[in-house]
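First up is the structure itself, then whatever we jot down about it.
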Amino acid sequence: TWMLDGPAPTLDYNAAEDTDGWGQALLRVGDILLVGGDFDGIKPSRNGPVTSRPFLAAFDAVSGQPVSTFQIPPQVDSVVRALVLSPDRRQVYVGGDFGLLALDAASGALDLAVSVSGGGDSGGRVFDIAVTGTHVYIGGDFSAVGDQPRSNIARLSLDGELDPAWRPEVTLGLSAGRSAPVQSVAVSPSGSTVYVGGTFERIDGVPVSTTPRNQKVSLLSLSADGGTVLPERFVPDVG
């Protein structure tokens, strides 16, 4: 069993150089298992020799051995936080502290790159990706996509073009380490509703719900058509 290796500076503790790295995202594409996160390399055992594989590594999904058929492009140069396969299974969308990338699902070659900026101390970060047959939704910690203002969530075409009309504003929330205003994005099976979760307090001025114990629940649903906040609410009684 191969292990991740290296410090994980985005975590909320100080990791020593010989500490195992942090794996955040897994995606199987055919016989390849992709592992993304915050690590320098991989090693066959805790004390084994380290092979350089920063932030994204490819393994044989059956044997667990590293593979060279999927080559990671240099644009993956920081923490990987999300991996999603395109509807036609030809591309892998990769989100992280570098923005959004689309890689060829067979070779790993870079197909497109979308920059995000203006988040917390470390700049723009993509924490999650949701894909439908027509759109890519990204959420995280950013205030711009490319050169266009966006507040922590955005919608793009499958080829990376920003939707100019879809622009809900997700405001407030934590912007450090493993925390972001938007940490999860999901789309309903019908494609009509976008569910947004994280640490935020408002979307377009609409406040999140609170539990009977007066704790905020940072989960709201949006219309996929216009991006407006829907009236449905989720109020679990969490301790």
Side-chain angles (χ1 to χ4, degrees), residues 1-86 89-117 119-129 138-142 174-180 183-184:
T1 301
W2 283 71
M3 306 173 64
L4 308 179
D5 179 78
T10 65
L11 296 181
D12 50 5
Y13 61 86
N14 293 321
E17 288 293 336
D18 61 351
T19 307
D20 295 330
W22 171 50
Q24 165 71 3
L26 298 173
L27 178 66
R28 180 167 176 168
V29 185
D31 290 333
I32 301 296
L33 177 66
L34 298 177
V35 182
D38 187 10
F39 50 87
D40 295 331
I42 58 176
K43 53 189 178 182
S45 62
R46 184 172 297 277
N47 297 316
V50 177
T51 301
S52 177
R53 292 287 192 280
F55 309 116
L56 185 59
F59 298 90
D60 185 289
V62 178
S63 70
Q65 295 300 306
V67 298
S68 58
T69 53
F70 192 97
Q71 292 291 316
I72 312 300
Q75 287 81 4
V76 182
D77 59 3
S78 192
V79 179
V80 171
R81 300 180 185 271
L83 296 168
V84 177
L85 197 59
S86 66
R89 305 183 67 85
R90 294 182 179 180
Q91 290 181 314
V92 175
Y93 293 105
V94 184
D97 293 9
F98 41 77
L100 175 71
L101 306 175
L103 310 183
D104 183 276
S107 67
L110 180 68
D111 286 342
L112 65 90
V114 178
S115 64
V116 301
S117 59
D121 294 340
S122 59
R125 303 180 295 165
V126 173
F127 267 64
D128 202 12
I129 305 167
I138 59 173
D141 183 15
F142 52 83
L174 303 177
S175 299
R178 289 180 288 178
S179 296
Q183 296 194 195
S184 58

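Atoms considered below: every heavy atom in the structure, side chains included; atoms not considered: hydrogens, waters and symmetry mates.
Atom-to-atom distance recorded for Gln75:CD and Ser115:OG is 12.5 Å, nearest 0.5 angstrom. Separating the CZ atom in Phe70 from the CG atom in Leu103 is a distance of 5.0 Å, to the nearest 0.5 Å. Distance CG/Leu101 to CD1/Ile72: 10.5 Å, rounded to 0.5 Å. The line from CG of Asp111 to OH of Tyr93 is 9.0 Å long, rounded to the nearest 0.5 Å. Expressed to the nearest 0.5 Å, how far OG of Ser78 lies from CZ of Phe55 amounts to 5.0 Å. Phe127 contributes atom CZ, which lies 7.0 Å from atom OG of Ser179 (distance to the nearest 0.5 angstrom).
Looking only at side-chain heavy atoms (C-beta outward), Asp97 and Arg81 come within less than 4.5 Å of each other.
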Check against side chain to side chain contact (heavy atoms under 4.5 Å, CB included), Arg89 and Val29: CA-CA 8 Å; Arg89 305 183 67 85; Val29 185; 5.6 Å; no
Trace of the side chain to side chain contact (heavy atoms under 4.5 Å, CB included) decision for Phe98 with Val80: CA-CA 8 Å; Phe98 41 77; Val80 171; 3.9 Å; yes
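Counting only distance, with no hydrogens or angles, the side chain of Arg28 and the backbone of Gly30 share a donor-acceptor pair below 3.5 Å.
Minimum interatomic distance between Pro73 and Gly108 (heavy atoms only, all atoms of both residues): CD-O, 3.2 Å. Closest heavy-atom contact between Gln183 and Arg178: OE1-O, 3.5 Å. The shortest non-hydrogen separation linking Pro44 to Pro49 is CD-O, 3.3 Å. Of all heavy-atom pairs spanning Pro54 and Ser52, the tightest one is CD-OG, 3.6 Å. Considering every non-hydrogen atom in both Asp141 and Ala180, the closest pair reads CB-CB, 3.8 Å. Here the closest heavy-atom approach between residue Val50 and residue Gly41 is recorded as CG1-CA, 4.2 Å.
When each of Val67, Ile32, Ile42, Leu34 is checked for a side-chain contact (heavy atoms from CB on, under 4.5 Å) with Phe59, only Ile42 meets the rule. When each of Val114, Val116, Val84, Asp128 is checked for a side-chain contact (heavy atoms from CB on, under 4.5 Å) with Ile138, only Val116 meets the rule. Across Leu26, Leu56, Ile129, a single residue satisfies side-chain contact (heavy atoms from CB on, under 4.5 Å) together with Leu83, and that is Leu56.
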